[in-house]
Q: 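Would you mind keeping the following structure in view while I ask a few things?
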Amino acid sequence: EVQLVESGGGLVQAGGSLRLSCAASGFTVDDYAIGWFRQAPGKEREGVSCISPRGGSTYYADSVKGRFTISTDNAKNTVYLQMNSLNPEYTAVYYCAADISRTYCRAYDYWGQGTQVTVAS
């Protein structure tokens, strides 16, 4: 059974850092593109980052370049999103998703339930 479980969210002060984890089961994350998304209250879900199979390429939304880093630990079958220099604008529910259909990060077949990130003023 394919499953994605996010963790690592919580409350952090402005300027702080968090590392989100996306633990996968039922497939190998190194074989597929994995994306991170976020959804703030009252707003649509937006793409944040994506890592291609084998970690060959990484992609970031302009709003987070230089601040977020996506990576994979193949031994743990887990994808991470390191978030630094956070401010309240980054408060949202963060989701990871798997591109099992191999659409080059254009579409995703499986989604996690999300983890809440709240950045205090």
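In this text the structure is predicted, and so the values were computed from the model without any measurement.
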Q: Return the CD to CD1 distance between Q82 and I70, rounded to the nearest 0.5 Å.
A: 12.0 Å
Q: Is any side-chain heavy atom of D31 closer than 4.5 Å to one of V29?
A: no
Q: Under 6.0 Å between the ring centres of F68 and Y90?
A: yes
Q: Counting the benzene-type ring for Trp, do Y110 and F27 have ring centres under 6.0 Å apart?
A: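 Ring centres of F27 and Y110 not closer than 6.0 Å.
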Q: Hydrophobic cluster membership, with links at side-chain heavy-atom distances under 4.5 Å among I/L/V/M/F/W/Y: are W36 and V2 in one?
A: yes
Q: Give a yes or no on whether the backbone of G9 and the side-chain of T115 come within a donor-acceptor separation of less than 3.5 Å.
A: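 At least one qualifying donor-acceptor pair exists.
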Q: Under 3.5 Å, is there a donor-acceptor pair between the side chain of T58 and the main chain of I51?
A: no
Q: Quick one: which residue pairs count as a salt bridge (Lys or Arg N to Asp or Glu O under 4.0 Å) with a foot in residues 77-102, not counting sequence neighbours?
A: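 For residues 77-102, and leaving out neighbouring residues, there are no salt bridge (Lys or Arg N to Asp or Glu O under 4.0 Å) pairs at all.
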Q: Determine the minimum heavy-atom distance between S57 and S52, stating which atoms define it.
A: N-OG, 2.7 Å
Q: Parallel, tilted or perpendicular for W111 and F37, by the 30°/60° rule?
A: tilted
Q: Which pair of heavy atoms, one from A61 and one from G47, lies closest together, and at what distance?
A: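 Closest approach of A61 to G47, heavy atoms only: CB-O, 3.6 Å.
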Q: Which atom names give the shortest non-hydrogen contact between S121 and Q13, and what distance separates them?
A: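 Minimum heavy-atom contact is O-NE2, 4.1 Å.
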Q: Measuring from atom OG of S25 to atom CG of N77, what distance do you get when rounded to the nearest 0.5 angstrom?
A: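 Answer rounded to 0.5 Å: 8.0 Å.
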Q: Y94 and Y60: same hydrophobic cluster, using ILVMFWY side-chain contacts below 4.5 Å?
A: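 Shared cluster, yes.
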Q: Can you tell me how far apart NZ (K76) and SG (C22) are? Round to the nearest 0.5 Å.
A: 14.0 Å
Q: Counting only heavy atoms from other residues, nucleotides and ligands, does the tally under 6.0 Å from CD of E46 exceed 12?
A: yes
Q: With rounding to the nearest 0.5 angstrom, report the CG to CD1 distance, L4 to I34.
A: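 The CD1 atom of I34 is 6.5 Å from CG of L4, to the nearest 0.5 Å.
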Q: Please determine whether residues Y95 and V79 belong to a single hydrophobic cluster, defined as Ile, Leu, Val, Met, Phe, Trp and Tyr linked transitively by side-chain heavy-atom distances below 4.5 Å.
A: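 Cluster IDs for Y95 and V79 differ.
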Q: V5 vs Q113, test: side chain to side chain contact (heavy atoms under 4.5 Å, CB included). Steps then yes/no.
A: CA-CA 7 Å; V5 179; Q113 293 182 317; over 6 Å; no
Q: Tell me whether L81 shares a hydrophobic cluster with Y108, the cluster being built from Ile, Leu, Val, Met, Phe, Trp, Tyr side chains joined at under 4.5 Å.
A: no
Q: For M83 and V117, work out which heavy atoms get closest and say how close.
A: CE-CG2, 3.9 Å
Q: Might you point out which heavy atoms bring E6 and C96 nearest each other, and give the distance in Å?
A: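 So the minimum-distance heavy-atom pair works out to OE2-N, 2.9 Å.
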Q: So do the side chains of Q116 and L11 get within less than 4.5 Å of each other, counting heavy atoms only?
A: no
Q: Closer than 3.5 angstrom, by distance alone: can the side chain of S49 be matched with the main-chain N or O of Y59 as a donor-acceptor pair?
A: yes
Q: Does the cation-pi check pass for R19 over Y80, that is, NZ or CZ under 6.0 Å from the six-membered ring centre and within 45° of its axis?
A: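 Flagged: R19 positioned over aromatic ring of Y80.
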Q: Mind running side-chain hydrogen bond (donor to acceptor under 3.5 Å, both in side chains) on D73 and T78 for me, showing each step along the way?
A: CA-CA 5 Å; D73 185 336; T78 296; over 6 Å; no
Q: Determine whether a donor-acceptor pair (N or O, by modelled atom type, separation under 3.5 Å) exists between the side chain of T103 and the backbone of S101.
A: no
Q: What is the minimum heavy-atom distance between I100 and D109, and which atoms define it?
A: N-OD2, 2.9 Å
Q: Do any N or O atoms from the side chain of R67 and from the backbone of V64 form a donor-acceptor pair under 3.5 angstrom?
A: no
